[in-house]
Amino acid sequence: MESQPKTAGEPTHTGTAVLETVTATMQGFAPINSIHQHLCAFHFYAHDMTRQVEAHHFCGHQNEEMRQCLLYDSPAADARLVGVEYIISENLFLTLPDDEKKLWHSHEFEVKSGMLFIPGVPGPIERMDLEKVCKTYGKVFQFWQIDQGDNLPLGIPNILMAVTRDGQIYDHNIKDVEERFGVSFEKQRESRGYMSGPDHGIHPLANGGGSGLKTELRETDSKLQSEAASTYSI
């Protein structure tokens, strides 16, 4: 993983650190404490597959059919929060409007290829959960363009996608992750060959409908309102 510039700003002051310690003893952090799992995977920008990032997902279940994940650029204590991902079942995905389906990506290939893994968890336990993930769809908003070297979260959020076939992720990115986490994607691929994806197959509108997708900021002017509006184009 290439080193990134440090976050802009002064180092944390001792007084700030002490204040955080004090408030931590007085407050509850129920939403954060519901996080139960760390997943590692690759994402690329939906409009530019050459822009690839390593994503560390810290996830909790909302219910049996939905998880929500905070995305960081590493698993370190000083990792930067760069985005979020929502993961839903096939049943929920099929209820979405067609335009919405294009914003979601499938997980079947990245699970079966070994490129989505749960660091530090033994294979048999890992596979029990990934059998479920293999059937799901995810939606990623990336807030911080760390691949560009930005030292602050600049610009508007981007939609990111997941790996859907061999050859999409650069070999040097794969080797770097394998070495740092002591995993072999090829061995994991062999052990996950029995897994299956969505019961109805991967929906043709998922993964950007196969045509790419980019978020944009546009000016709107109507009789009802005149304001900046976020939209997306394909």
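Note that the structure is predicted; figures quoted are calculated from it, not measured.
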Query raised in the report: Taking side chain as C-beta onward, heavy atoms only, is K112 less than 4.5 Å from C134?
Result: yes

Requested in this report: Please answer whether the main-chain N or O of Y170 pairs with a side-chain N or O of Q52 as donor and acceptor at a distance below 3.5 Å.
Outcome: yes

Report task. Before accepting this row, confirm whether a basic side-chain N of the pair E131/R192 lies closer than 4.0 Å to the acidic partner's carboxylate O. Result -> no

Requested in this report: Taking all non-hydrogen atoms of both residues into account, name the closest pair between G60 and H36 and its distance.
Outcome: CA-ND1, 3.2 Å

Query raised in the report: What orientation do F185 and F42 show, parallel under 30°, tilted 30 to 60°, or perpendicular over 60°?
Result: perpendicular

**Report entry** Minimum-distance pair of heavy atoms, taken over all atoms of E186 and E178
**Finding:** N-OE2, 4.4 Å

Query raised in the report: Using the ring of each side chain (for Trp, its six-membered ring), is H38 parallel, tilted or perpendicular to F58, with breaks at 30° and 60°?
Result: parallel

Query raised in the report: Any side-chain donor-acceptor pair under 3.5 Å between S89 and K135?
Result: no

Query raised in the report: When the ring planes of H105 and H107 are compared, do they come out parallel, tilted or perpendicular, using 30° and 60° as the limits?
Result: perpendicular

Query raised in the report: Which of these, F93, Y86, W104, sits in a ring-ring contact (aromatic ring centres under 6.0 Å, His included) with Y137?
Result: F93

Report summary line: Rounded to the nearest 0.5 Å, the SG atom of C40 sits from the CD1 atom of I118 at a distance of 11.0 Å

**Report entry** Donor-acceptor contact present, side-chain H203 to main-chain L205, <3.5 Å
**Finding:** yes

Query raised in the report: With a 4.5 Å limit on heavy-atom distance, are the side chains of D166 and R189 in contact?
Result: yes

**Report entry** Salt-bridge contact D150-R80 (side-chain N to carboxylate O under 4.0 Å)
**Finding:** no

Query raised in the report: Going by atom types only, do Q37 and D129 share a side-chain donor-acceptor pair under 3.5 Å?
Result: yes

Report task. Inspect the contact between E85 and R67 and indicate whether a charged nitrogen and a carboxylate oxygen are less than 4.0 angstrom apart. Result -> no

**Report entry** Nearest-0.5 Å distance, CE of residue M161 to NE2 of residue H47
**Finding:** 11.5 Å

Query raised in the report: How far apart are the C-alpha atoms of K101 and D98, what are their side-chain angles, what is the distance that settles it, and do they pass the salt bridge (Lys or Arg N to Asp or Glu O under 4.0 Å) test?
Result: CA-CA 5 Å; K101 289 184 175 75; D98 284 352; 3.4 Å; yes

